[in-house]
Amino acid sequence: MTTTAPTFDTSNSLTDNDNPTTNRLRVVFAGTPEFAAISLESLIKQQEALNIEIVAVYTQPDRKAGRGQKLSASAVKEVALANDIAVEQPVTFKKSSAEGLAARQALRTYQPDVMIVAAYGLILPIGVLETPTHGCLNIHASLLPRWRGAAPIHRALLAGDDETGITIMQMDKGLDTGSMLYKVSESIASDDTAASLHDKMAALGATAISTVLKDLAAYQAQAIAQDGSQANYAEKLVKTEGEVDWSQPAAAIERQIRGLTPWPGAYTFLAGQRVKILASLPVNTSQQTNKPAGTVISVGRKAILVACGKESDAESSATTLTITHLQFAGGKPMTAEQVCHGNQLNDGDQFTSETK
């Protein structure tokens, strides 16, 4: 893990009478999922050490979830309520609506010095961004400007990036286009999934925002503008991205499996029935085949070997994917050994696309 940030002299960072119990930075936190909740919990525990006071938490309205479709509070709301912090859940900040105007007025009443935003999920108009004295800071799970947008963790895995990280950004009216205050990087392991990388980034984000808040004025003074020519858009995931195209090289499919775990998950079809591919091994480039893409080459106790596409048109043989865990429609997750002892998959079977 490497850190990129300016070095500051913080010996005189306190203001006025240098009393750490006064002049606390009034913080409003805005976020919704677990990724954001990790940072909120960390900041709550460090309020005294960071000389801040979290005066309110903003999060998405409660949503229906689960089989019973009962209203469920966000992870951030649960943390806020457990710590007796005021919670606001506006549906909009648009000044063209009565709801939006009321939400803006409510925000002003908290007299925020700074707003910390992490995976909030609600667009913040320029009028909101300018309400806090020091503006709004975003905890973004990418080394900006590499991946801007909704799904930077997944897109980094799908693209085969060697590293990712956290950027603390000064928000502006663009989509993740603001100046960068602080960046910290993390290598992507060969077995990282979207779930494991999410947890790493959540912890890293909590540390990063704490670092910036220790001397916010200094970090803002040395903010660095992004190079927009290096930016990529991390589009929001859709379920259909999980369907495996076996004509693709094994390395791309292996990244797809990891990058879409746990949601939406990689899947294929066998005799018209959906089969989820839960895990596979890193690709062995020396293990090649001439069988058609999607062919189950062998069903063994340790792994299931499947033919994939060629790395390039110049290659004479195609790549193979080694699957270790899968799940048949209506069944439970199974290891390769469990599949081997059953009769649901056999050598020579063909994985296909969905029949339209």
Side-chain angles (χ1 to χ4, degrees), residues 1-7 31 33-36 38-39 42 116-119 137-171 174-213 219 222-237 241 248-264 266 279-285 311 319 321:
M1 183 176 71
T2 58
T3 301
T4 304
T7 301
E34 184 66 23
F35 176 86
I38 297 299
S39 286
S42 175
I116 306 300
V117 183
L137 308 183
N138 181 238
I139 307 171
H140 187 74
S142 169
L143 296 174
L144 288 171
R146 173 59 175 157
W147 291 109
R148 295 173 177 171
I153 294 174
H154 304 82
R155 298 303 172 191
L157 281 167
L158 292 170
D161 291 358
D162 293 326
E163 68 172 2
T164 186
I166 292 290
T167 302
I168 304 300
M169 174 193 69
Q170 188 78 46
M171 296 177 70
L175 177 63
D176 299 331
T177 57
S179 296
M180 303 174 292
L181 307 189
Y182 180 77
K183 294 171 74 171
V184 56
S185 64
E186 179 80 31
S187 297
I188 297 178
S190 61
D191 61 349
D192 264 327
T193 64
S196 66
L197 197 56
H198 166 279
D199 292 349
K200 291 180 182 179
M201 292 301 99
L204 203 59
T207 301
I209 191 61
S210 296
T211 298
V212 171
L213 288 177
Y219 280 102
Q222 299 193 37
I224 300 172
Q226 294 186 44
D227 179 0
S229 67
Q230 301 298 311
N232 299 278
Y233 181 52
E235 295 185 59
K236 184 178 180 180
L237 296 176
E241 289 187 73
Q248 292 294 305
I253 298 173
E254 188 268 342
R255 293 196 302 268
Q256 180 183 12
I257 295 167
R258 292 189 293 115
L260 301 182
T261 296
W263 194 92
S280 62
L281 296 177
V283 174
N284 183 347
T285 55
E311 282 290 346
T319 57
L321 182 71

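Positions are given from 1 along the sequence.
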Taking every non-hydrogen atom, the tightest pair across Ile153 and His198: CD1-CA, 3.7 Å
Flag if over 12 foreign heavy atoms under 6.0 Å of CG, Asp227: yes
Considering all heavy atoms, the nearest Asn138-Val117 contact: ND2-O, 3.0 Å
Derivation and outcome, side-chain contact (heavy atoms from CB on, under 4.5 Å), residues Ile257 and Leu321: CA-CA 11 Å; Ile257 295 167; Leu321 182 71; 3.8 Å; yes
Closest contact, heavy atoms only, Arg148 versus Gly228: NH2-CA, 3.8 Å
Trace of the side-chain contact (heavy atoms from CB on, under 4.5 Å) decision for Thr177 with Met169: CA-CA 8 Å; Thr177 57; Met169 174 193 69; over 6 Å; no
Trace of the side-chain contact (heavy atoms from CB on, under 4.5 Å) decision for Ile168 with Tyr219: CA-CA 10 Å; Ile168 304 300; Tyr219 280 102; over 6 Å; no
Gln248 side, atom CD; Glu311 side, atom CD - distance, nearest 0.5 Å: 10.0 Å
Under 3.5 Å: donor-acceptor pair, side chain of Asp176, backbone of Gly149: yes
Closest contact, heavy atoms only, Gly259 versus Leu158: CA-CD2, 4.2 Å
Asn232 side-chain N/O to Arg146 backbone N/O, donor-acceptor pair under 3.5 Å: yes
Within 6.0 Å of CD1 in Ile224, more than 12 heavy atoms from elsewhere: no
Thr164 side chain vs Ala156 backbone, donor-acceptor pair below 3.5 Å: no
Separation of Lys183 NZ from Ser142 OG (nearest 0.5 Å): 8.0 Å
Intermediate values then yes/no, side-chain contact (heavy atoms from CB on, under 4.5 Å), Leu197 and Ile188: CA-CA 8 Å; Leu197 197 56; Ile188 297 178; 4.2 Å; yes
Test item: Glu235 side-chain N/O and Ala151 main-chain N/O as donor-acceptor pair under 3.5 Å: no
